**Q** 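Quick one: this structure, given as structure tokens, is what I'll be asking you about.
Computed from a predicted structure; not experimentally measured. Every chain is numbered from 1 and lettered A, B, ... according to where its sequence line falls, protein lines coming before strand lines.
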Protein chains: 2
Amino acid sequence: MIDQRNTITRWVSLLYRYGQMYIGERLKAHGIGKGQHIFLNALYKEDGLSQEELSSYLKIDKGTTAKALKKLEAQGYVLRQVREEDKRSYRVFLTEKAWRIKDEVRGVLTDWRHILSDGLTEEEQRLALELLEKMGGNAARFIGENDRTPKA
Amino acid sequence: MIDQRNTITRWVSLLYRYGQMYIGERLKAHGIGKGQHIFLNALYKEDGLSQEELSSYLKIDKGTTAKALKKLEAQGYVLRQVREEDKRSYRVFLTEKAWRIKDEVRGVLTDWRHILSDGLTEEEQRLALELLEKMGGNAARFIGENDRTPKA
DNA sequence: TGTAATTAGTGGCATATGCAACTATTTTGA
DNA sequence: TCAAAATAGTTGCATATGCCACTAATTACA
């Protein structure tokens, strides 16, 4: 049929969608959807961030962030505490329930990375990360610049 | 805040989401959404494919494919013709209206690739494609194998 | 100091996407 | 040959995601 030689964009799309499927499947048992794990993982790295900080670090729309955290809160994985020094914002904290599944949640991403890296040398893996980082930086810079709310 | 050194998976997610934003923005004027361009581009390569062929080539769920094509048909970009030799399936053809915007639609993806490749040498671009291809192959193989409907 | 601009978060809307159940047609094999 | 299995496509449902308009709180500045 069509030649299977694809573009960077096509592979990115496939990798993203397949990754979402894998994550969704693995976390289903905990009721955690593919849209939520990214926030849990960010909070495992640094607990107590605000929604704004999460959005800007993860480059995810603040509406999307609000909805994902609302769901995580309803499920008892996080709790939100109004900041005394700025009552507009929250500090988002992981609950005991979330800490208990830390290794499992983090494991999903590391397992997926291992699946992707199968057959790649250490050097190739390093290179892949470096090149993706460059392209990601280009993308973020471009989208950021052409935004109505330019980032610093 | 958090260190900005991300994983392959995180960069893929960012690249995908930013790419979707870019494509959506550029094609908005034609009423073509970010979920449709991929089908137009596949048909520009080979017109007259069936939905099943499009789904399997693009690795996109057949339900998603059906909805995207339905919308493209409603907008007059494609028409579907029942196959005489197998009345379950269609052949999907681009209309004159779709052929007229071919360069523009294809240009969106090439422009995005150029944005991503900014500052990368030819060799780096080749490597990026090669590594993404390997990882994409790993992902497809893994998801395919663990599917309820294993592909050949 | 008081008003205008900015910022954090929410909620509604539109779209994209996968999954599962369904229909209609075609293929397989006892 | 004909019943069962497989295949192409559709539809409803759930979730994810971005955008926009909105509120409440905070900051800037005239």
**Q** What is the separation between atom CD on B:Q20 and atom C1' on C:dT15, rounded to the nearest whole Å?
**A**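 Those two atoms, CD and C1', are 11 Å apart.
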**Q** Applying a 4.0 Å non-hydrogen cut-off, can you work out what B:S50 is touching in the nucleic acid: base, sugar-phosphate, or nothing?
**A**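 Sugar-phosphate: the residue B:S50, judged by heavy atoms under 4.0 Å, touches backbone atoms but no base.
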**Q** What is the distance from CG of A:L14 to C1' of C:dG18, rounded to the nearest Å?
**A**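 The answer, rounded to whole Å, is 14 Å.
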**Q** Between atom CD in A:E52 and atom C1' in D:dT27, what is the gap in whole Å?
**A**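 In whole Å, D:dT27 C1' lies 15 Å from A:E52 CD.
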**Q** Can the ring centres of B:F142 and A:Y18 be said to be less than 6.0 Å apart?
**A**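 So the answer is no for these two rings.
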**Q** I want to verify a distance call: between C:dA8, C:dT15, D:dA8, whose nearest atom is closest to the A:D86 side chain?
**A**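 Nearest listed nucleotide: C:dA8.
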**Q** Do the numbers put A:R10 on top of the ring of B:Y57, so that NZ or CZ is under 6.0 Å from the six-membered ring centre and no more than 45° off the axis?
**A**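 Cation-pi check for A:R10 and B:Y57: passes.
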**Q** Strictly below 4.0 Å, N to O, side chains only: are A:D118 and B:R141 in salt-bridge contact?
**A**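 No salt bridge links A:D118 with B:R141.
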**Q** I need the CD1-P distance between B:I60 and D:dG9, as an integer number of Å.
**A**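 Rounding to the nearest Å, CD1 of B:I60 and P of D:dG9 are 15 Å apart.
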**Q** Any salt bridge linking B:R126 with B:E122? Criterion: basic side-chain nitrogen under 4.0 Å from a carboxylate oxygen.
**A**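 Not counted as a salt bridge, because no side-chain N and carboxylate O are separated by less than 4.0 Å.
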**Q** Could you pull out the closest heavy-atom pair between B:Y22 and B:V108, with the gap in Å?
**A**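 So the two residues come closest at CE2-O, 3.5 Å.
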**Q** Could you check B:K70, B:R80, B:K62 and say which one makes a side-chain hydrogen bond (donor to acceptor under 3.5 Å, both in side chains) with B:Q51?
**A**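 Running side-chain hydrogen bond (donor to acceptor under 3.5 Å, both in side chains) over B:K70, B:R80, B:K62 with B:Q51 returns exactly one hit, B:R80.
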**Q** In sequence, state the C-alpha distance, the side-chain angles, and the governing distance for B:E123 and B:L127, and then conclude on side chain to side chain contact (heavy atoms under 4.5 Å, CB included).
**A** CA-CA 6 Å; B:E123 174 60 11; B:L127 257 173; 4.2 Å; yes
**Q** For A:R91 and C:dG9, give me the distance from atom CZ to atom C1', rounded to whole Å.
**A**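 Value for this atom pair: 17 Å.
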**Q** Have a look at B:Y16 and say if it touches a base, only the backbone sugar-phosphate, or nothing, with a 4.0 Å heavy-atom cut-off.
**A**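 Contact class for B:Y16: sugar-phosphate only.
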**Q** Expressed in angstrom and rounded to an integer, what is the separation of B:E73 atom CD from D:dG9 atom P?
**A**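 Whole-Å distance recorded here is 12 Å.
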**Q** Please enumerate all protein N or O atoms sitting under 3.5 Å from an N or O of nucleotides 10-13 of chain D, with distances to 0.1 Å.
**A**
residue: D:dT10; atom: OP1; partner: B:R80; partner atom: NH1; Å: 3.0
residue: D:dT10; atom: OP2; partner: B:Q51; partner atom: OE1; Å: 3.2
residue: D:dT10; atom: OP2; partner: B:Q51; partner atom: NE2; Å: 2.9
residue: D:dT10; atom: OP2; partner: B:R80; partner atom: NH1; Å: 3.3
residue: D:dT11; atom: OP2; partner: B:K70; partner atom: NZ; Å: 3.0
residue: D:dG12; atom: O6; partner: B:K67; partner atom: NZ; Å: 2.6

**Q** Look at B:K134 together with A:E124 and state whether they make a salt bridge at an N to O cut-off of under 4.0 Å.
**A**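 Yes, charged N to carboxylate O under 4.0 Å.
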**Q** Going by number, which of residues 21-38 of chain A have a non-hydrogen atom under 4.0 Å from DNA chain D?
**A**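 Hits under 4.0 Å, by residue number: A:G33, A:K34, A:G35, A:Q36.
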**Q** Measure from CG on A:L40 to P on D:dA16 and round the result to the nearest Å.
**A**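 Atom-to-atom, A:L40 to D:dA16, this comes out as 12 Å.
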**Q** Check whether any side-chain N or O of B:R17 sits under 4.0 Å from OP1 or OP2 of D:dT17, and answer yes or no.
**A**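 No, outside the criterion.
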**Q** Looking at A:E46 and A:R91, does any basic side-chain N land under 4.0 Å from a carboxylate oxygen?
**A**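 No, no charged N to carboxylate O under 4.0 Å.
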**Q** Measure CG/A:L69 against P/C:dT10 and give the value in whole Å, please.
**A**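 Interatomic distance, CG of A:L69 to P of C:dT10: 8 Å.
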**Q** Would the base of D:dT26 count as contacting A:R88 through its side chain, where contact means a donor and an acceptor less than 3.5 Å apart?
**A**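 It does not, because no donor-acceptor pair links the side chain of A:R88 to the base of D:dT26 below 3.5 Å.
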